Amino acid sequence: MTRYKSTALALWLKVQEPRALSAIFFFAYLVISVLGLAVAIDPPRSIQSSIGQGLMVGWGALLLIGGVLGSISVLPGIWWMERAATGFCMTAIGIYGVAVAGLPVTQISTRIGTLCFVIFALLMFATRLVKIRHFAYDPEK
(Lines give C-alpha, C1' and ligand atoms only; values in the text may rest on other atoms or scores of the structure.)
Protein backbone atom coordinates (compact mmCIF):
# COMPACT_ATOMS: atom_id res chain seq x y z
CA MET A 1 0.00 0.00 0.00
CA THR A 2 2.86 2.39 0.68
CA ARG A 3 4.06 1.98 -2.92
CA TYR A 4 0.71 3.34 -4.14
CA LYS A 5 0.90 6.18 -1.66
CA SER A 6 4.40 7.10 -2.78
CA THR A 7 3.35 6.95 -6.46
CA ALA A 8 0.30 9.11 -5.74
CA LEU A 9 2.47 11.56 -3.80
CA ALA A 10 5.03 11.71 -6.61
CA LEU A 11 2.26 12.48 -9.12
CA TRP A 12 0.73 15.07 -6.81
CA LEU A 13 4.11 16.81 -6.44
CA LYS A 14 4.29 17.19 -10.25
CA VAL A 15 1.07 19.22 -10.26
CA GLN A 16 1.55 22.96 -10.80
CA GLU A 17 1.49 25.10 -7.65
CA PRO A 18 -0.85 25.94 -6.04
CA ARG A 19 -1.79 22.30 -6.42
CA ALA A 20 -5.28 22.54 -4.95
CA LEU A 21 -6.21 25.34 -7.34
CA SER A 22 -4.79 23.41 -10.31
CA ALA A 23 -6.78 20.34 -9.27
CA ILE A 24 -9.99 22.37 -8.95
CA PHE A 25 -9.51 23.85 -12.42
CA PHE A 26 -8.72 20.38 -13.79
CA PHE A 27 -12.16 19.22 -12.68
CA ALA A 28 -13.76 22.44 -13.96
CA TYR A 29 -12.26 21.77 -17.40
CA LEU A 30 -13.49 18.17 -17.25
CA VAL A 31 -17.01 19.41 -16.52
CA ILE A 32 -16.78 21.80 -19.49
CA SER A 33 -15.67 18.86 -21.66
CA VAL A 34 -18.66 16.80 -20.55
CA LEU A 35 -20.95 19.74 -21.35
CA GLY A 36 -19.40 20.08 -24.81
CA LEU A 37 -19.92 16.38 -25.46
CA ALA A 38 -23.53 16.58 -24.25
CA VAL A 39 -24.20 19.55 -26.53
CA ALA A 40 -22.71 17.64 -29.46
CA ILE A 41 -24.79 14.53 -28.75
CA ASP A 42 -28.09 16.15 -27.81
CA PRO A 43 -28.18 19.94 -28.30
CA PRO A 44 -30.59 21.83 -26.03
CA ARG A 45 -33.60 22.62 -28.21
CA SER A 46 -34.53 25.86 -26.44
CA ILE A 47 -31.16 27.40 -27.23
CA GLN A 48 -30.78 25.76 -30.64
CA SER A 49 -33.97 27.43 -31.81
CA SER A 50 -32.63 30.85 -30.83
CA ILE A 51 -29.03 30.59 -32.11
CA GLY A 52 -29.38 28.11 -34.95
CA GLN A 53 -27.70 24.82 -35.81
CA GLY A 54 -24.39 26.33 -36.98
CA LEU A 55 -23.77 28.35 -33.86
CA MET A 56 -24.91 25.39 -31.74
CA VAL A 57 -22.24 23.18 -33.32
CA GLY A 58 -19.68 25.93 -32.79
CA TRP A 59 -20.75 26.35 -29.18
CA GLY A 60 -20.38 22.62 -28.49
CA ALA A 61 -17.00 22.52 -30.25
CA LEU A 62 -15.70 25.48 -28.24
CA LEU A 63 -16.78 23.80 -25.01
CA LEU A 64 -15.22 20.47 -25.94
CA ILE A 65 -11.95 21.91 -27.25
CA GLY A 66 -11.60 24.31 -24.33
CA GLY A 67 -12.36 21.63 -21.76
CA VAL A 68 -9.97 19.07 -23.26
CA LEU A 69 -7.12 21.57 -23.75
CA GLY A 70 -7.63 22.92 -20.24
CA SER A 71 -7.67 19.52 -18.58
CA ILE A 72 -4.48 18.53 -20.43
CA SER A 73 -2.62 21.74 -19.66
CA VAL A 74 -3.64 22.82 -16.16
CA LEU A 75 -1.94 20.14 -14.05
CA PRO A 76 1.56 20.38 -15.58
CA GLY A 77 1.30 24.18 -15.91
CA ILE A 78 1.42 24.54 -19.70
CA TRP A 79 0.04 28.05 -19.52
CA TRP A 80 0.17 28.97 -23.22
CA MET A 81 -2.18 26.06 -23.93
CA GLU A 82 -4.37 26.82 -20.93
CA ARG A 83 -4.76 30.44 -22.06
CA ALA A 84 -6.18 29.13 -25.35
CA ALA A 85 -8.44 26.76 -23.39
CA THR A 86 -9.80 29.55 -21.22
CA GLY A 87 -10.41 31.64 -24.34
CA PHE A 88 -12.45 28.81 -25.88
CA CYS A 89 -14.38 28.30 -22.64
CA MET A 90 -15.10 31.99 -22.13
CA THR A 91 -16.28 32.40 -25.72
CA ALA A 92 -18.61 29.41 -25.33
CA ILE A 93 -19.95 30.73 -22.02
CA GLY A 94 -20.49 34.12 -23.63
CA ILE A 95 -22.44 32.55 -26.51
CA TYR A 96 -24.61 30.74 -23.98
CA GLY A 97 -25.20 33.97 -22.05
CA VAL A 98 -26.26 35.84 -25.17
CA ALA A 99 -28.54 32.97 -26.22
CA VAL A 100 -30.17 32.81 -22.79
CA ALA A 101 -30.59 36.58 -22.67
CA GLY A 102 -32.36 36.43 -26.03
CA LEU A 103 -34.90 33.78 -25.04
CA PRO A 104 -38.43 34.89 -24.19
CA VAL A 105 -38.75 35.75 -20.50
CA THR A 106 -41.08 33.41 -18.64
CA GLN A 107 -39.83 34.17 -15.13
CA ILE A 108 -37.49 37.08 -14.45
CA SER A 109 -35.82 35.47 -11.40
CA THR A 110 -34.84 32.41 -13.47
CA ARG A 111 -33.37 34.63 -16.18
CA ILE A 112 -31.43 36.72 -13.68
CA GLY A 113 -30.18 33.59 -11.92
CA THR A 114 -28.97 32.02 -15.16
CA LEU A 115 -27.25 35.19 -16.31
CA CYS A 116 -25.59 35.58 -12.90
CA PHE A 117 -24.17 32.06 -13.20
CA VAL A 118 -22.90 32.89 -16.70
CA ILE A 119 -21.21 36.05 -15.41
CA PHE A 120 -19.76 34.13 -12.47
CA ALA A 121 -18.29 31.50 -14.82
CA LEU A 122 -16.81 34.19 -17.04
CA LEU A 123 -15.25 35.91 -14.03
CA MET A 124 -13.75 32.66 -12.74
CA PHE A 125 -12.09 31.92 -16.08
CA ALA A 126 -10.95 35.55 -16.32
CA THR A 127 -9.36 35.13 -12.88
CA ARG A 128 -7.48 32.11 -14.17
CA LEU A 129 -6.30 34.06 -17.22
CA VAL A 130 -4.95 36.83 -15.00
CA LYS A 131 -3.01 34.27 -12.96
CA ILE A 132 -1.32 32.63 -15.97
CA ARG A 133 -1.03 35.57 -18.38
CA HIS A 134 2.70 36.34 -18.23
CA PHE A 135 4.44 33.03 -18.95
CA ALA A 136 4.19 30.12 -21.35
CA TYR A 137 5.23 27.64 -18.62
CA ASP A 138 5.98 27.82 -14.93
CA PRO A 139 9.02 30.13 -14.71
CA GLU A 140 10.43 28.13 -11.79
CA LYS A 141 10.73 24.91 -13.84
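Bear in mind that the values here come from a model prediction, so they are computed numbers and not experimental data.
Both Leu69 and Phe27 belong to a single network of hydrophobic side chains, linked directly or stepwise wherever heavy atoms of I, L, V, M, F, W or Y lie under 4.5 Å apart. Hydrophobic clustering, with ILVMFWY side chains joined whenever heavy atoms are under 4.5 angstrom apart, groups Met90 together with Leu21. In the hydrophobic clustering of ILVMFWY residues, with side-chain heavy atoms under 4.5 Å counting as a link, Ile72 and Trp12 come out together.
A donor-acceptor contact shorter than 3.5 Å is absent between the side chain of Arg83 and the backbone of Leu129. A donor-acceptor contact shorter than 3.5 Å is absent between the side chain of Ser71 and the backbone of Leu30.
To the nearest 0.5 Å, atom CD1 of residue Ile112 and atom CD1 of residue Ile119 are 10.5 Å apart. The distance from the CG atom of Leu123 to the CD1 atom of Ile93 is 10.0 Å, given to the nearest 0.5 Å. Taking CZ of Arg111 as the reference point, atom SG of Cys116 lies at 12.0 Å (rounded to 0.5 Å). Atom CZ of Phe25 is separated from atom CD1 of Ile132 by 8.5 Å, given to the nearest 0.5 angstrom. Once rounded to the nearest 0.5 Å, the distance linking OG1 of Thr110 with CG of Leu115 reads 11.0 Å. Put simply, CG on Leu11 and CG on Leu75 are 10.0 Å apart, with the number rounded to the nearest 0.5 Å.
Counting heavy atoms from C-beta outward, Ile32 and Phe125 have side chains that approach closer than 4.5 Å. Trp80 has its side chain within reach of Ile78: a pair of non-hydrogen atoms, C-beta onward, lies under 4.5 Å apart. Residues Met56 and Val39 have side chains in contact (heavy-atom distance under 4.5 Å, counting atoms from C-beta outward). Contact check for Met124 versus Cys89: no side-chain heavy atoms found under the 4.5 Å cut-off. For the pair Tyr29 and Glu82, the minimum side-chain heavy-atom distance is below 4.5 Å. In this structure, Trp59 and Pro44 have side chains that are in contact, with non-hydrogen atoms separated by less than 4.5 Å. At a threshold of 4.5 Å between non-hydrogen side-chain atoms, the residues Glu17 and Ser22 do not count as touching. Taking the side chain as every heavy atom from C-beta outward, Val74 and Arg128 approach each other to under 4.5 Å.
Considering every non-hydrogen atom in both Gly36 and Leu63, the closest pair reads CA-CB, 3.5 Å. Closest approach of Ser33 and Gly67 over heavy atoms only: OG-C, 2.9 Å.
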task: Show your reasoning for whether side-chain contact (heavy atoms from CB on, under 4.5 Å) applies to Val100 and Val118.
output: CA-CA 9 Å; Val100 167; Val118 166; 5.6 Å; no

